[in-house]
*Asks:* 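One structure is given below, represented as C-alpha cells, and several questions about it will come after.
By convention in this document, chain letters (A, B, ...) are assigned in the order of the sequence lines, proteins followed by strands, and residues within each chain are numbered from 1. In this text, all values refer to a predicted model and were calculated from it rather than measured experimentally.
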There are 4 protein chains.
Amino acid sequence: MEYNEKQKQILVTAEQLFSTKGFDGTSVRDIADAAGVNIAMISYYFGSKEKLMEALFEQRTTNIKVKVESLLKDDSTTPFQKVEILAEDIINKIMSKKQFFKIMMCEQVINKNPVVMNLMYDLKKKNLEEFGKIITDGQQKGVFKKDIDFLLLYNMLVGSISQMMITIDQYREYNNLTNIPEEQVYEQIKKKLSENIKVLFKALLSYEA
Amino acid sequence: MEYNEKQKQILVTAEQLFSTKGFDGTSVRDIADAAGVNIAMISYYFGSKEKLMEALFEQRTTNIKVKVESLLKDDSTTPFQKVEILAEDIINKIMSKKQFFKIMMCEQVINKNPVVMNLMYDLKKKNLEEFGKIITDGQQKGVFKKDIDFLLLYNMLVGSISQMMITIDQYREYNNLTNIPEEQVYEQIKKKLSENIKVLFKALLSYEA
Amino acid sequence: MEYNEKQKQILVTAEQLFSTKGFDGTSVRDIADAAGVNIAMISYYFGSKEKLMEALFEQRTTNIKVKVESLLKDDSTTPFQKVEILAEDIINKIMSKKQFFKIMMCEQVINKNPVVMNLMYDLKKKNLEEFGKIITDGQQKGVFKKDIDFLLLYNMLVGSISQMMITIDQYREYNNLTNIPEEQVYEQIKKKLSENIKVLFKALLSYEA
Amino acid sequence: MEYNEKQKQILVTAEQLFSTKGFDGTSVRDIADAAGVNIAMISYYFGSKEKLMEALFEQRTTNIKVKVESLLKDDSTTPFQKVEILAEDIINKIMSKKQFFKIMMCEQVINKNPVVMNLMYDLKKKNLEEFGKIITDGQQKGVFKKDIDFLLLYNMLVGSISQMMITIDQYREYNNLTNIPEEQVYEQIKKKLSENIKVLFKALLSYEA
DNA sequence: AATGAATGAGAGTTCATTCAT
DNA sequence: TATGAATGAACTCTCATTCAT
C-alpha cells in the first residue's frame with residue numbers, strides 16, 4: 001500500500017498518540033490537530049478511526065518480519081551464534097519501533113479489532129517459524145538439546161525486551177541515567193539485554209550438565 | 001480501605017471489563033450494567049471513573065507485594081533456592097491476578113493517571129527491593145556473581161511471565177491445548193515457566209565459566 | 001406504551017417537524033430545540049432518531065384503526081349507509097391526524113424503516129379487512145355487485161382524501177378561501193369529500209344500469 | 001434547457017434515488033457513485049444539489065402537461081368520452097413517470113424548495129385549466145351538471161392514481177400477483193383504474209337521479 | 001443512603017461544496 | 001472542461017457526571 005505524504009503524517013501522528021494515550025484514549029480530533037490536518041481527512045483517507053488503526057498495523061507489521069534464510073545457510077557461524085544474531089535482530093526491531101510495539105502490547109490485551117488481531121497473529125507466526133528454523137537447525141546439528149518449547153522461549157525473549165521498553169523511565173531513574181540522552185540509554189539497554197539473552201539462550205538450549 | 005459488598009462487586013466487574021476492553025474502552029454504563037447496579041453508584045461510591053480505577057489499584061496492589069523477611073533468615077535454603085522460591089511466588093501472584101496484571105500492563109504504557117502511576121511505581125519499587133535483598137544475600141554469601149543488574153533481571157522475570165499470560169490463547173493453539181481446561185493449561189505453563197526461569201537465574205547469577 | 005409528559009412533547013414536536021420537513025430533513029437538534037429539551041434526551045428516551053420515528057408510528061397507528069363490529073350488526077342501517085359511515089370515519093381519522101398522515105405518505109414512498117413499514121402494513125391490512133366486511137355484507141345482502149376490487153376501492157378512498165389534504169393550500173387559494181379560518185376550510189372540505197365519496201361508492205358498488 | 005449525456009445520466013440517476021430514498025435521504029455522493037461520475041460534477045453541472053432537484057423538476061414537468069385543444073374541437077366525441085380520454089391520458093402520464101411522481105408527492109408534503117413548489121404549482125394549474133375546459137365544455141353542452149368542484153374532482157382523480165402507485169407492492173401481494181411481471185401488473189391496474197374512474201366521472205358529472 | 005432523570009461536552013462520521021489544477 | 005483533493009459544518013449518538021429527591 002502506497003501512502004502520500006499527508007497520509008504518512010497521519011499514520012505517524014496516530015502511532016505516536018495511540019502509543020501514549022491508547023487507541024480509545026485518542027480521539028480523531030486529537031490526531032487531526034496533532035497532524036495539522038482537517039478532522040475529515042482521517043475518514044477521507046482511511047475510512048474510519050478503526051481502519052486507520054488497521055492501516056497502521058498493515059504498514060508497521062510489513063517490515064518487521066525477521067528473515068533467517070541466509071543466516072541458516074551460513075556454515076561459518078555456530079548455532080549459538082545464529083540464535084544470538086536473531087535475538088539481536090529482534091531486539092533491534094522492537095527497540096527501533098518502540099511506539100508501535102507499545103500499541104501492539106495493549107492491543108494484544110484488548111484484542112477488539114479482528115483485522116489487527118490477524119496481522120499480529122500472522123507476524124508472530126512468521127517470526128516464530130523463523131525462530132524455530134534456527135533452533136531446529138541447532139538441534140539437528142546436535143548442539144541444542146531436544147526438548148525445547150519454542151513458543152515459551154520466544155515469549156521470554158520478546159517479553160523481556162517489551163518489559164524493559166515500557167519501563168524505561170523507571171530504569172533510568174533507578175540507575176541514575178536521567179541526565180543521559182534517551183538514545184544513549186537505549187543503546188546501553190540494548191547491549192545489556194543482548195548479553196543477558198545470550199546467556200539465557202546458552203543456558204536454555206544447552207544440554208543440562 | 002473497607003468496601004461493602006456492592007462496592008466490591010463494582011470493583012470486580014470493573015477489573016474484568018478494564019482487563020478485556022481497556023479503561024477508555026469501558027464505559028461507566030458498561031460497568032454498572034454488568035455489575036447490576038445503578039449508573040450513579042459508581043460516582044456515588046468512588047467519585048468518578050478515574051477514582052474507581054485508583055481504588056482498584058489500591059485494592060489490588062496491596063496484597064501482591066512479595067515478602068522475603070522470613071525467607072532471608074532461613075539458613076536451610078540456599079541462595080539459589082531462595083531466588084527460585086521468590087520467582088515462583090511472583091509467577092503465582094501474576095498468574096492468580098491475571099486480569100489486574102493485564103490492566104497494569106496497559107496502564108504502564110499509557111500512564112495517564114498519576115495516582116495509578118504512583119501505586120504501580122511503589123509496588124515495583126517494593127518488590128524490587130525484596131528481590132534485591134535475596135540477590136544481595138546470595139552475593140554476600142559468595143554464591144552469586146557481583147555484577148548484576150537487579151532491575152533488568154527483574155524485568156526479564158516479569159516480562160516473561162506477562163508475555164506468556166497475554167498470549168495464552170496462541171500458546172494453547174500452537175500446542176494443541178484448546179481442548180484442555182484453562183486452569184490445567186495455566187498450571188502447565190506455570191510449571192514450565194518456573195523451570196525455565198530457574199535455569200535463567202542459575203545462568204545469570206552464577207559466575208561465568 | 002406509556003409516555004411521560006416530556007416524551008409526549010418530543011413525540012408531538014417530532015411529528016410536527018417530520019410532517020413539514022421530512023424525517024431526513026429533520027435533525028435531532030431541530031426536534032430538541034423545538035421541544036425545548038436537551039439533545040441527548042431523544043436518545044435517552046427513545047434510543048435513536050430512528051426509534052423515535054418507530055415510537056411515533058406505534059403511538060399514532062394504535063388508535064386509528066377503524067372498527068365495524070357494531071356497525072355490521074345494526075340492521076336498521078342499509079349497506080350503503082354503512083359504507084358511508086365507514087368512509088366518513090376514515091375521512092375524520094385522516095383529517096384529524098393530518099400531520100401523521102403526511103409522514104405516512106412519505107414513508108410509504110421511501111419505505112426505509114422496516115418497523116415503520118410493518119406498522120403501516122398492519123394498519124392498512126386491518127382497515128382493509130374491516131372495509132371488506134362491510135362490502136361483503138352488502139354483497140351478501142344482494143345490494144352490492146359481486147365483482148369488487150376491495151383494495152382498489154379503498155385506495156381510491158384514501159388517495160382522494162390524502163390528495164386533498166396535502167394540497168389544501170392550493171385548494172384554499174383556488175377557491176378564494178385564504179381568509180377563512182383553516183378549521184372551517186377543513187370542515188367544508190370534509191363535507192364535500194364526504195358527499196363525493198358517497199356518490200363514488202353508490203356508483204361503484206351498485207349493479208350497473 | 002439542453003443537457004448533454006452526462007447531465008442526463010445524472011438527472012436519471014437522481015430521479016431514481018430521490019424516488020426511493022427521498023431528497024434528504026440521498027447524498028450527492030450516492031448520485032455521483034450510482035451515475036458513475038465524479039462527485040464534483042453535480043455542483044459543476046447543476047450548481048448544487050438543490051438546483052439539481054430544480055433542474056429535474058423543470059425537465060420532468062415540461063412534458064407532462066395535458067393538452068386538450070384538439071380534443072375540445074372534436075365534435076365526434078361526447079363530453080363523457082372526452083373526460084375519459086383525458087383521465088386515461090393522466091393515468092398514463094403518472095404511471096409512465098412513476099418515479100418522478102413519487103418525488104412530487106413527497107415534495108408536495110415537504111414543500112421546502114420554492115422553485116420546485118412553483119413548478120409543481122404551475123403544472124397543476126395548467127392541468128387543472130385543461131381539465132376545467134373539458135368539464136366546462138360538457139356543462140355548456142348541458143351534459144354535465146352545473147355545480148362541480150373542479151379541483152376536488154381533479155384531486156380525487158390524481159389521488160386515486162397516486163395511492164395505487166405507491167402501494168403497488170401491497171396490491172400485488174394482496175391479489176397474489178407477485179409472480180406476474182411488474183409491467184403486466186401495471187397494465188392491469190391501469191385498466192382497472194381507468195374503468196373505475198370512468199364510472200366515478202359518470203356518477204359525479206351527471207345530473208343526480 | 002441511594003437513584004432515576006437529566007445534561008453539556010465531546011465522540012466518530014458524513015455532508016455538500018470549493019478549489020487548484 | 002473536468003476532477004481529485006480537501007474542508008468546515010453539521011450530523012447522530014454516547015460519554016461521565018450531577019442533581020433533586
Side-chain angles (χ1 to χ4, degrees), chain A residues 4-7 10 14 23-33 35-53, chain B residues 4 6-7 10 14 23-33 36-53, chain C residues 4-7 10 23-33 35-53, chain D residues 4-7 10 14 23-33 36-53:
Chain A
N4 62 39
E5 285 311 308
K6 273 208 174 165
Q7 286 172 312
I10 292 171
F23 177 77
D24 289 314
T26 305
S27 78
V28 173
R29 263 174 192 85
D30 287 340
I31 301 169
D33 286 351
V37 301
N38 188 281
I39 317 174
M41 294 256 52
I42 275 97
S43 290
Y44 177 65
Y45 276 138
F46 298 95
S48 68
K49 186 190 174 189
E50 206 81 18
K51 288 207 184 101
L52 166 61
M53 181 74 152
Chain B
N4 64 37
K6 268 200 178 171
Q7 287 172 311
I10 292 171
F23 177 76
D24 289 312
T26 305
S27 78
V28 173
R29 197 168 250 100
D30 286 341
I31 301 169
D33 286 353
V37 302
N38 189 281
I39 319 170
M41 296 244 47
I42 276 104
S43 290
Y44 178 66
Y45 275 138
F46 298 95
S48 70
K49 186 188 174 189
E50 208 80 16
K51 288 205 185 103
L52 166 61
M53 182 73 151
Chain C
N4 63 38
E5 284 312 307
K6 274 209 173 164
Q7 287 173 312
I10 292 172
F23 177 77
D24 288 313
T26 305
S27 77
V28 173
R29 218 171 231 97
D30 287 340
I31 301 168
D33 286 352
V37 301
N38 187 281
I39 317 174
M41 294 256 51
I42 275 97
S43 290
Y44 177 65
Y45 275 138
F46 297 96
S48 69
K49 187 188 173 188
E50 206 82 15
K51 288 207 184 100
L52 166 61
M53 181 75 152
Chain D
N4 62 38
E5 283 313 307
K6 268 202 176 168
Q7 287 173 312
I10 292 172
F23 177 76
D24 288 313
T26 306
S27 78
V28 172
R29 197 167 250 97
D30 286 341
I31 302 169
D33 286 353
V37 302
N38 188 280
I39 319 170
M41 296 245 48
I42 275 103
S43 290
Y44 177 66
Y45 275 138
F46 297 95
S48 70
K49 186 188 174 189
E50 207 80 16
K51 289 207 184 101
L52 166 62
M53 182 74 152

*Asks:* Please round to the nearest 0.5 Å and tell me the distance separating atom CG of A/Asn38 and atom CZ of A/Arg29.
*Replies:* 10.0 Å
*Asks:* Taking C-beta and beyond as the side chain, do C/Ile31 and C/Leu52 meet within less than 4.5 Å on heavy atoms?
*Replies:* yes
*Asks:* For A/Glu5 and F/dA5, give me the distance from atom CD to atom P, rounded to whole Å.
*Replies:* 15 Å
*Asks:* Convert the base pairs of DNA chain E into dot-bracket notation, remembering that pairs crossing earlier ones are written with [ ] and that bases paired across to another strand are shown as |; include only Watson-Crick or G-U pairs under 3.5 Å.
*Replies:* .||||||||||||||||||||
*Asks:* Rounding to an integer number of Å, can you tell me how far C/Met41 CE sits from E/dG4 P?
*Replies:* 15 Å
*Asks:* Mind checking if D/Tyr45 touches a base, just sugar-phosphate, or nothing, with heavy atoms under 4.0 Å?
*Replies:* sugar-phosphate
*Asks:* Classify every nucleotide of nucleotides 12-21 of chain F by which part a protein heavy atom approaches to under 4.0 Å, writing B for the base, S for the sugar-phosphate alone and - for neither, in 5'-to-3' order.
*Replies:* BSBSSBB---
*Asks:* If you look at every heavy atom in B/Phe46 and B/Lys51, which pair is closest and at what distance?
*Replies:* O-CB, 3.0 Å
*Asks:* What are the two closest non-hydrogen atoms of D/Asp30 and D/Gly25, and how far apart are they?
*Replies:* OD2-O, 4.1 Å
*Asks:* Could you grab the distance from atom CG of B/Asp33 to atom OG of B/Ser27, nearest 0.5 Å is fine?
*Replies:* 7.5 Å
*Asks:* Taking all non-hydrogen atoms of both residues into account, name the closest pair between B/Asn4 and B/Lys6 and its distance.
*Replies:* OD1-N, 3.0 Å
*Asks:* Look at A/Lys51 and E/dG12 and indicate whether a side-chain polar atom (N or O) is within less than 4.0 Å of OP1 or OP2.
*Replies:* no
*Asks:* Considering all heavy atoms of both residues, which atom of C/Asp24 and which atom of C/Lys49 are nearest to each other, and what is their separation?
*Replies:* CA-NZ, 4.1 Å
*Asks:* Return no unless some side-chain N or O of D/Asn38 is found under 4.0 Å from OP1 or OP2 of F/dA2.
*Replies:* no
*Asks:* How close or far is atom P of F/dG4 from atom CD of A/Gln7, stated in whole angstroms?
*Replies:* 15 Å
